Amino acid sequence: MQPVRVRFAPSPTGPFHIGGARSALFNWLFARRYGGVFILRIEDTDLERSSRESEENILAALRWLGLDWDEGVEVGGPNGPYRQTERLELYQRYAEQLLSQKDAYRCYCTEEELAAEREALLAEGALSGYSGRCRNLSPEDCARLEAEGRKPAIRFRVPDNQGTIVVRDLVRGEVSFDCSDIGDFIILKSDGIPTYNFAVVVDDHCMSVSHVIRAEEHLPNTPRQILLYNALGWETPQFAHVSLILGKDRSKMSKRHGATAIEQYQEKGYLPEAMVNFLALLGWSAGGEEEIFSLEELTRQFSLERVSKSPAVFDLDKLNWLNGHYIRQSPIEYITDLSIPFLEKAGYLKTPLTPERYEWLKEVIALVRKYLVCLDDLKDHVGIYFNEEVEVLEEEAREALTAPHVPALFEALARLVLDCPALSAEAAKGLLKAAGKEAGVKGKQIFIPVRAALTGSIEGPDLDRIMAILGKERVARRLAAALDRGL
RNA sequence: GGCCCCAUGGUCAAGUGGUCUAAGACACCGCCCUUUCACGGCGGUAACCCGGGUUCGAAUCCCGGUGGGGUCACCA
């Protein structure tokens, strides 16, 4: 069996899309699973829209997800260069070959002419490919057209005796297309830049790609590519077309469905582990009941046979749940480290942190992480630990402070806390109880007002741990402040 | 419109002719845990698109509808 060589070949024309990330992941998993090579190639032949900036975004996002590549931009390799705009002579050469084989011809039609032609065809209700106007131009015709100042594009001549083309697809089985439905298509634009269908074939062949794993939207292109492989005398790779990721309305996921860029999720504080896990579950399943998978576990289990044929709706709820799961389950140091930039951004933290401050922060994160969907949510949960004062009191919290036993309770608690040598969570628990005893109350009568005074809310994490995090002075001060307010 | 793909609960999905009065997960609802909220635990509601075949037997195979989607560029 031939060695596994797969590639991810994005166009750097915008933010890195969820769908692209899944294609990259599946290719990467396939390569790792079978001990193959994962190639990263940049398809930047759309000069108008391509940019180095988005290329860099893509690379950064891949690295963030934990997907590395063996050959490709930045890392190099024996089949480079890995940017299509740096491989132009190659395409030129093979276009010449097709030209000389008469499998391609020069087309002098202008874009305007073609657009008009298409419109006319569409009006008749019979939209198909190119009319074939330039199919059989004589050298004299060509010379005349060129004298008019027209620059030719090169078109592939779709054979008319080919019948049907069968795409053998690893996820969809055999898919046949009728050759007569395929019009002659451009392989080299008039500016010498190859089109997608041509460049992809030349590159996949020259890079010895064994399996082409990509999104289903490319399935209708595949017969054209097979035609090119045949004309050039090359063996076709194996194809695997993965179904699309859909938005809530079941159309192909796009910006109007919400955040589609990987970067946006990164910025909101989604963990790469959650993203990878989620993406893998979109169109693939392990078959068992387990749904939590690390990259390593996925590598062990991934296979194309278990890739689904039907499209999958992007389910933010599930992503959110997965992310929360990873936030709760990952080592606390890891989550703390990831949290720091978000806390800085929210103005709560200035780095560098002293070791004591870091330990303190760990306690805070450990306490609040069960409330988080993403790390960006931190800002809504940590104010009471970073601020000196409690700012707003909820209505119910305010009410809780009006109970008659509150002054006595708070006075006792404040005194006990200040007298206490070290306010650990455990100590706090005892003090709460003792203060209640002094004031002649227990249970909710203790906890609700104290919580209200310390946090401004009647719900939240364990009170004893909150007290330990706040420290003696702030606890005493907030109790006193609540009392003042009540008077 | 032509061509192509797809079709199990709201969503992701298991299921490859009998063990399906159809698994699991998310979401939703209820109960428990808890000073509260959340986390967690337990339980519940909820599905084989329709019609024909094939077969002793069909969610599973075939055909036809219907529905959804993709694609028809000198974009990729």
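Within every chain, numbering begins at 1; the chains are lettered A, B, ... in the order of the sequence lines, protein sequences first and strands thereafter. Every value quoted in this text rests on a predicted model; they were computed, and no experiment measured them.
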Using the six-membered ring wherever Trp is involved, compare the ring planes of A:Phe239 and A:Tyr229 and label them parallel, tilted or perpendicular (cut-offs 30° and 60°).
-> perpendicular
Would you tell me if any nitrogen or oxygen in the side chain of A:Lys433 comes within less than 4.0 Å of OP1 or OP2 on B:U35?
-> no
Give the ring-plane orientation class for A:Tyr265 versus A:Tyr270, where under 30° counts as parallel, over 60° as perpendicular and anything between as tilted.
-> perpendicular
Contact under 4.0 Å: A:Lys309 side-chain N or O vs B:A13 OP1/OP2 | no
Reckon A:Ser285 touches a base, only the sugar-phosphate, or nothing at all at heavy-atom distances under 4.0 Å?
-> sugar-phosphate
Taking it one step at a time, do A:Leu227 and A:Cys179 satisfy side chain to side chain contact (heavy atoms under 4.5 Å, CB included)?
-> CA-CA 9 Å; A:Leu227 252 17; A:Cys179 223; 4.1 Å; yes
Ring geometry between A:Phe26 and A:Phe302 (parallel below 30°, tilted from 30 to 60°, perpendicular above 60°) | tilted
Under the side chain to side chain donor-acceptor pair (under 3.5 Å) test, which residues partner A:Ser54, sequence neighbours left out?
-> A:Ser51
Within the structure shown, what part of the strands sits under 4.0 Å from A:Arg369 by heavy-atom distance: base, sugar-phosphate, or nothing?
-> nothing
Close N/O contacts between protein and nucleotides 69-71 of chain B (under 3.5 Å):
unit_1, atom_1, unit_2, atom_2, d
B:G70, OP1, A:Lys252, N, 3.2
B:U71, OP1, A:Lys252, NZ, 2.8

Any A:Arg328 side-chain nitrogen or oxygen under 4.0 Å from OP1 or OP2 of B:G40 | yes
Taking only residues two or more places apart in sequence or in another chain, which ones pass side chain to side chain donor-acceptor pair (under 3.5 Å) with A:Glu394?
-> A:Ser457
Let me see the working for A:Gln225 and A:Asn197 under side-chain hydrogen bond (donor to acceptor under 3.5 Å, both in side chains), right down to the final yes or no.
-> CA-CA 6 Å; A:Gln225 293 168 203; A:Asn197 280 125; 2.9 Å; yes
List in chain and number order the residues that pass side chain to side chain donor-acceptor pair (under 3.5 Å) with A:Glu459, two or more places apart in sequence or in another chain; answer none if no residue qualifies.
-> none
Indicate, yes or no, whether a donor-acceptor pair under 3.5 Å links the base of B:C74 to the side chain of A:Thr195.
-> no
Within this structure, what is the CD-to-P distance between A:Glu48 and B:A73, rounded to whole angstrom?
-> 19 Å
Would you please indicate yes or no on a ring centroid separation below 6.0 angstrom for A:Tyr130 and A:Phe156?
-> no
Of A:Ser176 and A:Gly443, the one whose closest RNA chain B nucleotide lies more 5' | A:Ser176
Scoring nucleotides 18-28 of chain B by protein non-hydrogen atoms under 4.0 Å (B base, S sugar-phosphate only, - none) yields -----SBBBS-
For B:U35, does either OP1 or OP2 sit under 4.0 Å from a side-chain N or O belonging to A:Arg465?
-> no
Pairs under 3.5 Å (N/O, protein and nucleotides 60-66 of chain B):
none

Are OP1 or OP2 of B:A76 and a side-chain N or O of A:Thr45 less than 4.0 angstrom apart?
-> yes
